[in-house]
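Since the structure comes first, as structure tokens, the remarks are kept for the end.
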Amino acid sequence: MEAKTISATMDFIKSFFEGDASGHDYLHSLRVWGMALHLAEKEKVDKVFEIQMAALLHDTDDHKIGGDGVSFPKAAQWLKEVYVSDASAKLILEIISEVSFKGAQTQTPVSTPQSAIVQDADRLDAMGAIGVARAFAYGGKHNRPLYLPNEAAVMHESFNDYKKSQSSTLAHFPEKLLLLKDRINTASAKQIAENRHQYLATFLQTFMDEASVYEKYIPVE
Ligand code: ADP
Ligand code: NI
């Protein structure tokens with residue numbers, strides 16, 4: 001029964017994210033699902049069904065996809081459609097509500113080990129080579145410049161400010177991506193995050209080095 005529900009949810013997610021070019025395509029949800037399973041195994045955390053369902057459904061109501069980021073009606077509706085029990089649905093929706101990053105100076109606490117795992121899995125997918133690719137896909141989709149010379153990073157103090165952010169994609173690195181390493185919950189994910197963080201930092205440094213060459217020729221006004 002659970003395997004069938006998961007398989008039906010994968011199909012639902014596949015059609016839900018069809019055509020997305022903002023780094024939130026179906027395979028993002030699938031990678032988060034796979035990483036969450038991997039972390040659950042390593043951390044010996046139970047309620048693996050709820051972890052899998054939350055991982056697959058974690059972005060259907062995201063504020064970047066058209067949701068408000070504080071209510072989760074599409075995920076809730078789907079859980080009803082596939083007859084997930086009230087107790088499981090409650091945990092799944094709680095996990096989903098705790099996944100998302102909400103700004104540099106905003107806390108995102110987790111209430112259960114299951115939440116910790118799905119949050120870690122989602123954050124790992126914003127890091128490393130895939131994280132770089134997703135950031136520029138998002139920036140392109142939202143008409144953001146790759147970078148702006150001398151742009152100051154904005155360390156958002158509230159979820160509302162963060163939602164309204166118009167920063168360049170490169171500014172998103174100090175504003176979010178480089179902070180993720182220190183916001184990982186589980187030991188297993190921390191290990192993976194170290195390498196992925198290193199890759200992000202090297203990418204950023206290389207980008208800045210390449211971009212700096214022309215700057216000395218720009219006339220000072
Ligand atoms: P979260 O809900 O924690 O933001 P997501 O799975 O929705 O996690 O991932 C967000 C993705 O969108 C990341 O890969 C991130 O780089 C990208 N993203 C979000 N905001 C921006 C932005 N302002 N500029 C570039 N990329 C962004
Ligand atoms: Ni996500």
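Just so you know, ligand 1 is whichever comes first in the structure, and atom 1 is the first atom listed for that ligand. All residue numbers refer to positions in the sequence shown, counting from 1.
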> For ligand 1, is there an N or O atom under 3.5 Å from any N or O atom of Ser168?
Replying inline: no
> Do any nitrogen or oxygen atoms of Thr169 lie less than 3.5 angstrom from nitrogen or oxygen atoms of ligand 1?
Replying inline: no
>> Only heavy atoms of Asp59, strictly under 4.0 Å: list the atoms of ligand 1 that pass.
In response: 6 (O), 7 (O)
> Mind checking whether Phe207 and Phe136 have parallel, tilted or perpendicular rings, split at 30° and 60°?
Replying inline: parallel
> Which is closest to atom 22 (C) of ligand 1 by heavy-atom distance: Lys176, Arg31, His172?
Replying inline: His172
>> Tell me whether Val99 has any N or O atom under 3.5 angstrom from an N or O of ligand 1.
In response: no
>> Using the Ni ion (ligand 2) as the vertex, how large is the angle between NE2 of His28 and NE2 of His58, rounded to 10 degrees?
In response: 100°
> Between the side chains of His24 and Asp62, does any donor sit under 3.5 Å from an acceptor?
Replying inline: no
>> Assigning hydrophobic clusters by single linkage (Ile, Leu, Val, Met, Phe, Trp, Tyr; side-chain heavy-atom cutoff under 4.5 Å), is Val99 placed with Phe49?
In response: no
> Has ligand 1 got any nitrogen or oxygen that is less than 3.5 angstrom from a nitrogen or oxygen of Arg144?
Replying inline: yes
> Any N/O/S atom of Asp62 sitting less than 2.8 Å from the Ni ion (ligand 2), backbone or side chain?
Replying inline: no
> With only distance considered, is Ser22 within less than 3.5 Å of ligand 1 through an N or O on each side?
Replying inline: no
>> Closer than 2.8 Å to the Ni ion (ligand 2): does that hold for any N, O or S atom in Asp122?
In response: yes
> How are the rings of Tyr162 and Phe101 set to each other: parallel, tilted or perpendicular (split at 30° and 60°)?
Replying inline: perpendicular
